[in-house]
Amino acid sequence: MEHTADNCIFCKIVSGEIPAERLHEDDKFICIRDVRPQAKVHLLLVTKRHIPSLDELYAKTGAPGVGEAALEVATAVARKQGLLPGGFRLVINTGGHGGQTVFHLHIHLLGGNDLEGTFG
Ligand code: DGP
């Protein structure tokens with residue numbers, strides 16, 4: 001199936017068509033809870049724009065500053081959610097081999113427990 005903004009679950013969450021608690025919102029991102037948490041705290045920082053993947057961000061879309069802003073916002077959210085100074089992990093699955101299942105750019109923010117020994 002082609003991954004377009006029309007059939008994108010995260011676009012529907014961004015637009016409000018599907019309701020979700022927003023732990024953060026700014027002009028570029030929303031932050032929501034992952035429905036299948038893999039850590040005590042498992043959040044998703046989701047771009048407001050429909051950018052299908054990290055590859056698309058840099059190769060095609062031309063959305064300047066999104067990558068840099070994402071790291072800054074993710075760190076600020078982690079701090080606000082009490083994940084510091086304990087620590088946290090950011091993961092961006094990219095493409096099928098990378099384990100990406102939702103083709104709308106998002107960063108997994110994991111923390112709240114010791115993640116040593118787990119990856120992704
Ligand atoms: P990835 O495999 O990196 O594409 O991660 C997609 C994540 O999105 C996965 O951990 C489950 C989560 N997810 C899928 N559908 C929904 C949804 O409708 N709402 C929320 N909050 N999370 C979702």
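Start at 1 and go down the list; that is how both ligands and their atoms are numbered. Positions are given from 1 along the sequence. Predicted model only: the values in this text are computed from it and were never measured.
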Heavy-atom check, side chain of Ile92 versus side chain of Leu105, under 4.5 Å: yes

query: Would you call Thr75 and Phe88 a side-chain contact if the rule is heavy atoms closer than 4.5 Å?
result: yes

- prompt: Where on Val91 is there a heavy atom closer than 4.0 Å to ligand 1, on the side chain, on the backbone, on both, or on neither?
  reply: neither

message: Tell me the nearest of Ile32, Val35, Ile18 to atom 15 (N) of ligand 1, using heavy-atom distances.
response: Val35

- prompt: With a 4.0 Å cut-off on heavy atoms, is Ala20 touching ligand 1?
  reply: no

message: Taking distance alone, with N or O pairs closer than 3.5 Å, would you say His108 contacts ligand 1?
response: yes

query: Mind checking whether Phe10 has a heavy atom under 4.0 Å from ligand 1?
result: yes

query: Which ligand 1 atoms are under 4.0 Å away from a heavy-atom of Asp34?
result: 7 (C), 8 (O), 9 (C), 10 (O), 11 (C), 12 (C)

message: Only heavy atoms of Ile9, strictly under 4.0 Å: list the atoms of ligand 1 that pass.
response: 18 (O)

Leu44-ligand 1 polar pair, N/O distance under 3.5 Å: no

Close approach of Ile92 to ligand 1, heavy atoms, under 4.0 angstrom: no

task: Supply the atom-to-atom distance Ile107 CD1 to Thr47 OG1, rounded to the nearest 0.5 angstrom.
output: 9.5 Å

Those atoms of ligand 1 less than 4.0 Å from some heavy atom in Asn93: 1 (P), 2 (O), 3 (O)

- prompt: N/O to N/O below 3.5 Å, does that happen between Arg36 and ligand 1?
  reply: no

message: Can you report which non-hydrogen protein atom sits closest to atom 1 (P) of ligand 1, along with the distance?
response: His106 NE2, 3.2 Å

Straight-line distance of Asn7 CG to Phe103 CZ, nearest 0.5 Å: 12.0 Å

message: Are Val102 and Leu44 packed together at the side-chain level, in the sense that at least one heavy-atom pair is separated by less than 4.5 angstrom?
response: no

Below 3.5 Å, can you tabulate the donor-acceptor pairs from side chains in residues 15-26 to any protein atom, sequence neighbours excluded?
unit_1: Ser15; atom_1: OG; unit_2: Cys11; atom_2: O; d: 3.3
unit_1: Ser15; atom_1: OG; unit_2: Lys12; atom_2: O; d: 3.1
unit_1: Ser15; atom_1: OG; unit_2: Glu17; atom_2: N; d: 3.3
unit_1: Glu21; atom_1: OE1; unit_2: Arg33; atom_2: NE; d: 3.4
unit_1: Arg22; atom_1: NH1; unit_2: Glu25; atom_2: OE1; d: 3.3
unit_1: Arg22; atom_1: NH1; unit_2: Glu25; atom_2: OE2; d: 3.2
unit_1: Arg22; atom_1: NH2; unit_2: Ile13; atom_2: O; d: 2.8
unit_1: Arg22; atom_1: NH2; unit_2: Val14; atom_2: O; d: 2.9
unit_1: His24; atom_1: NE2; unit_2: Asp26; atom_2: OD2; d: 2.7
unit_1: Glu25; atom_1: OE2; unit_2: Lys48; atom_2: NZ; d: 2.9
unit_1: Asp26; atom_1: OD1; unit_2: Lys28; atom_2: N; d: 2.7
unit_1: Asp26; atom_1: OD1; unit_2: Phe29; atom_2: N; d: 2.9

statement: atom 21 (N) of ligand 1: of Arg33, His42, Lys12, the nearest heavy atom sits on Arg33

- prompt: Can you tell me how far the CG atom of Leu45 sits from the NE2 atom of His106, to the nearest 0.5 Å?
  reply: 10.5 Å

message: For ligand 1, which is the ligand I care about here, please tell me if Gln100 has any N or O atom under 3.5 Å from one of the ligand's N or O atoms.
response: no

field: Counterpart residues, ring pair (Phe, Tyr, Trp, His ring centres under 6.0 Å), relative to His42 (two or more places apart)
entry: His108

field: Under 3.5 Å donor-acceptor, Gln100 side chain and Pro52 backbone
entry: yes

